[in-house]
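Beneath this line is the structure, given in structure tokens, with notes to follow.
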There are 2 protein chains.
Amino acid sequence: MAGRDPGSRNASVKDVAAAAGVSLGTVSNVLNRPDRVSPDTRERVLRAMAELGFVRNESARQLRAGSSRTLAYVMLDASNPFFIDIAQGIDTAAEAVGLSLVLCNSRSLAEREQSHLALLEQQRVQGILITPVDPDAASLDDVARRGTPVVLVDRTRADQKFCSVAVDDVLGGQRAVEHLIDRGHTRVAFVGGPTTLGPVRDRWRGAQDAWAAAGLPAEGLVEVTTTGLTVAEGREAGQRLAGMPAPRRPTAAFCANDLTALGLLQQATSSGLRVPEELALVGYDDIDFAGAAAVPLTSVRQPRQELGCTAAELVLDEATNPEHTHRQVLFTPELVARASTLG
Amino acid sequence: MAGRDPGSRNASVKDVAAAAGVSLGTVSNVLNRPDRVSPDTRERVLRAMAELGFVRNESARQLRAGSSRTLAYVMLDASNPFFIDIAQGIDTAAEAVGLSLVLCNSRSLAEREQSHLALLEQQRVQGILITPVDPDAASLDDVARRGTPVVLVDRTRADQKFCSVAVDDVLGGQRAVEHLIDRGHTRVAFVGGPTTLGPVRDRWRGAQDAWAAAGLPAEGLVEVTTTGLTVAEGREAGQRLAGMPAPRRPTAAFCANDLTALGLLQQATSSGLRVPEELALVGYDDIDFAGAAAVPLTSVRQPRQELGCTAAELVLDEATNPEHTHRQVLFTPELVARASTLG
DNA sequence: CGATCGGGTTGACACGTTTCACAACAGCGT
DNA sequence: ACGCTGTTGTGAAACGTGTCAACCCGATCG
């Protein structure tokens, strides 16, 4: 009862050739160089293909060609819209050059990341874009050494052994805190973690830089460390903040991430803290949900689509250009001020 | 300067065999039936593979095997977390049986959907899960007829030519409106569209059913039609509602979708309407951001992960079980009451 | 001591496509 | 009539893997 056509299962060029009364080569030419074949035979072949329900076998094609027509993006966390937007950017860039994109999700698990990488390597993808669990992991070097181009996305490495695309997180942290200082805040919390994450570290450093540059006393900027950048962690941090006595409580928080900021916003609201009057809030990434929050969130925008797009271009260059040299592209973030900091 | 190992590019079983001093078949056996080969030769072969940086060629493998080890999910809109969660569910199910998942995003464009389907067919994927732009499109039948199992996700079709997995949207709409009636509302807006979308139609019907069952006058339930289920559409609908004179304005809104509800919530808040006091709000899907909103959103939960998981099982059965028969699985939604309706 | 057995290994073949050198043939000018 | 050019079509070879019948050889059994 499955209802598939019983006879015509998986016709091959050979079958098409037989049906059309031509040779294999001719069928192949119809597929790949239609101009090389006379109109009427082409017509005959096309009709045969339609009748037989012929579908090109991509595996055979790839085997012959030696490499596939796909790029891959291994993302860190598909439930964070930030990475989805990056994927979107990659997709459009890939589409423009006729490649397709396969998406993998490591869920921040090194083990999953590893197995995805292995699979992609076996698939002979043209290139791998990845936001790795650990940019310094040796497995990345292994993949690259064996010949698959690898580009780091939203991460960098001290040794410049890979192309990478990232945003200046130090500058972003600076901008965020400068904005809060401009708005008159003198007690500010930085919420984020773990500090092993490169971007968190950099944003924190930027925050400190801005603080110092303004000549404010160091104890006014407090670090509230979380174990991850999720909504739940933000809520939890919010509880800690709301629990502090008002005179000591920071009047503003800069979150390493919009998810965290949204969680914090929720907890603050439900604890009766008014945003931005009693607690101003700055997020990071400017995901769509940041602007869509009940109190629209001030955030540091990263050019997400462009990030993905550029990464795709880099990996493609590495795959096709023999005199490719590794490049580290650094974009500039931009503060988007909204109601969560504007009284 | 690309830094790849110059010599060892793409070693094949043949190279490994030569290096280890054995035949091709033996190498293949090491890979596929390690027990069939003596420990010391196995050791020798493995060492040779490591030295040469051998990576199995999946294309060749698939060509030989006749089908790939992957499932595919063509999603309607990757920027809606609802579909990401479904993908998550599929992924875990696929992983459990050793298959990998490739994700495609049609962005609600029939043309993109079509080209993804063509590509997947060429890839000989084991099965295709899809939330189609139009469940009745003939292209779906074509794919199925040519032998690739297709399962509809969060959509159904009148003729039961496909397996499908969905949630009872009529019931969901009913539950949502019953909840609002319980809370004492007598003027309620249904916000959503376009009505060509099956789920929107069903939820609206469920809403009407509940309304009629409660014996309320039909004019108390108004339909606010949008052209899509996005945050922006929600905002726009919010503006329309906020513009109405208070005595005529609905005291509650049931949105066909959480994104729409979040947009509506934002617009209402910024227009000075208090939620839930002046406007109660019910969403649909219960995406994580619904619970994370500043005013946590009451929503109709769909078992998203389970949806994906079951769809994967169905497509797998269709792919492997010769006496497969099509099934339409219908899950039951569940109302999750939160602050947006609880004064 | 010969027959039998079975673990370990071999080598040829098939999968479906693309490519490429070459053949067939018509039209053309000399 | 001949060679030349250009257009169509041909058939074999190759890509890397998995499979399978056959083979080798030492050990066991009768």
Side-chain angles (χ1 to χ4, degrees), chain A residues 8-46 48-49 52-70 118-119 121-126 146-148, chain B residues 8-46 48-49 52-69 118-119 121-125 146-148:
Chain A
S8 74
R9 189 101 178 82
N10 275 11
S12 77
V13 274
K14 205 184 305 184
D15 304 322
V16 174
V22 296
S23 79
L24 274 66
T26 302
V27 177
S28 181
N29 279 336
V30 169
L31 254 23
N32 303 304
R33 287 97 109 202
D35 47 315
R36 273 249 199 300
V37 53
S38 73
D40 59 336
T41 44
R42 188 192 321 156
E43 185 54 35
R44 206 152 26 105
V45 170
L46 287 174
M49 297 204 305
L52 271 61
F54 169 77
V55 176
R56 236 174 164 133
N57 185 323
E58 183 66 18
S59 301
R61 221 180 161 196
Q62 281 181 24
L63 173 57
R64 173 67 220 218
S67 89
S68 73
R69 310 268 315 144
T70 62
L119 238 39
E121 228 181 324
Q122 293 177 198
Q123 249 140 236
R124 299 288 192 275
V125 294
Q126 290 254 343
R146 283 191 290 261
T148 305
Chain B
S8 74
R9 188 98 180 82
N10 275 10
S12 77
V13 273
K14 205 184 307 186
D15 304 322
V16 174
V22 297
S23 80
L24 275 65
T26 302
V27 177
S28 181
N29 280 335
V30 169
L31 254 23
N32 304 304
R33 285 96 109 204
D35 47 315
R36 275 243 199 303
V37 55
S38 74
D40 58 338
T41 43
R42 189 193 321 157
E43 185 55 36
R44 209 153 24 107
V45 170
L46 288 174
M49 297 203 304
L52 271 60
F54 169 76
V55 176
R56 235 175 164 129
N57 185 325
E58 183 66 18
S59 301
R61 221 182 160 197
Q62 281 181 25
L63 174 57
R64 172 66 217 209
S67 89
S68 72
R69 309 271 312 146
L119 238 39
E121 228 182 323
Q122 293 178 196
Q123 249 138 238
R124 298 289 191 275
V125 294
R146 285 190 290 260
T148 305

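Proteins get letters first, then strands, A, B, ... in listed order; numbering begins at 1 in each.
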Grab the [atom1]-[atom2] distance between [X] and [N] for me, whole Å please.
| X | N | atom1 | atom2 | result |
| --- | --- | --- | --- | --- |
| A:Asp40 | D:dT7 | CG | C1' | 13 Å |
| B:Asn57 | D:dG18 | CG | P | 10 Å |
| A:Arg42 | D:dT8 | CZ | P | 9 Å |
| A:Leu31 | C:dT17 | CG | C1' | 9 Å |
| A:Lys14 | C:dT18 | NZ | C1' | 14 Å |
| B:Leu63 | C:dC13 | CG | P | 18 Å |
| B:Arg36 | D:dG18 | CZ | P | 15 Å |
| B:Arg44 | C:dG8 | CZ | P | 14 Å |

A:Val37 backbone acceptor or donor facing A:Arg42 side chain under 3.5 Å: yes
Just by modelled atom types, is the A:Glu121 backbone N or O under 3.5 Å from a matching donor or acceptor in the A:Arg124 side chain? yes
With sequence neighbours excluded, residues passing side chain to side chain contact (heavy atoms under 4.5 Å, CB included) with A:Ser12: A:Lys14, A:Asp15
How would you list, by chain and number, every residue that makes a side chain to side chain contact (heavy atoms under 4.5 Å, CB included) with A:Gln126, sequence neighbours excluded? A:Ser67, A:Leu71, A:Ala319
What distance do B:Thr148 atom OG1 and A:Asn10 atom CG have between them, rounded to the nearest 0.5 Å? 8.0 Å
Each nucleotide N or O in nucleotides 19-26 of chain C that has a protein N or O under 3.5 Å away: list the pair and distance.
{"unit_1": "C:dT19", "atom_1": "O4'", "unit_2": "A:Arg64", "atom_2": "NH2", "d": "3.4"}

B:Arg56 meets the side-chain hydrogen bond (donor to acceptor under 3.5 Å, both in side chains) criterion, sequence neighbours left out, with B:Asn32
side-chain hydrogen bond (donor to acceptor under 3.5 Å, both in side chains) involving A:Ser38 - partner list, sequence neighbours excluded: A:Asp40, A:Thr41
Heavy atoms under 4.0 Å, any strand shown: does B:Thr41 hit a base, just sugar-phosphate, or nothing? sugar-phosphate
Between A:Val27 and B:Ala65, the residue closer to the 5' end of DNA chain C by nearest nucleotide is B:Ala65
Residue whose nearest DNA chain C nucleotide is more 5′ - A:Glu58 or B:Asp35: B:Asp35
End-to-end bend of the helix from C:dC1-D:dG30 to C:dT30-D:dA1 (five-pair axes, 10° rounding)? 60°
Closest to side chain of B:Ala60, choosing from D:dT17, C:dT9, C:dG16: D:dT17
Closest listed nucleotide, where the reference is the side chain of B:Ser23 and the choices are C:dG16, C:dG11, D:dG9: C:dG11
Set of salt bridge (Lys or Arg N to Asp or Glu O under 4.0 Å) partners for B:Arg69, sequence neighbours left out: none
Mind checking what makes salt bridge (Lys or Arg N to Asp or Glu O under 4.0 Å) contact with B:Arg61, not counting sequence neighbours? B:Glu58
Kindly indicate whether the side chain of A:Leu46, heavy atoms from C-beta on, has any atom under 4.5 Å from the side chain of A:Phe54. no
Establish, with yes or no, whether the OP1 or OP2 oxygen of [N] is under 4.0 angstrom from a side-chain nitrogen or oxygen of [X].
| X | N | answer |
| --- | --- | --- |
| B:Thr26 | C:dG8 | no |
| A:Ser38 | D:dG9 | yes |
| B:Arg56 | D:dG18 | yes |

Could you walk me through whether B:Arg44 and B:Val22 satisfy the side-chain contact (heavy atoms from CB on, under 4.5 Å) test, starting with their C-alpha distance in whole Å, then the side-chain angles of each, then the deciding distance to 0.1 Å, before giving a yes or no? CA-CA 9 Å; B:Arg44 209 153 24 107; B:Val22 297; 4.2 Å; yes
By nearest-nucleotide position on DNA chain D, the 5'-leaning member of A:Val22 and B:Val13 is A:Val22
What are the atom names and distances for every N/O pair under 3.5 Å that joins the protein to nucleotides 24-27 of chain D?
none

Take atom CZ in A:Arg36; do more than 12 heavy atoms of anything else shown fall under 6.0 Å from it? no
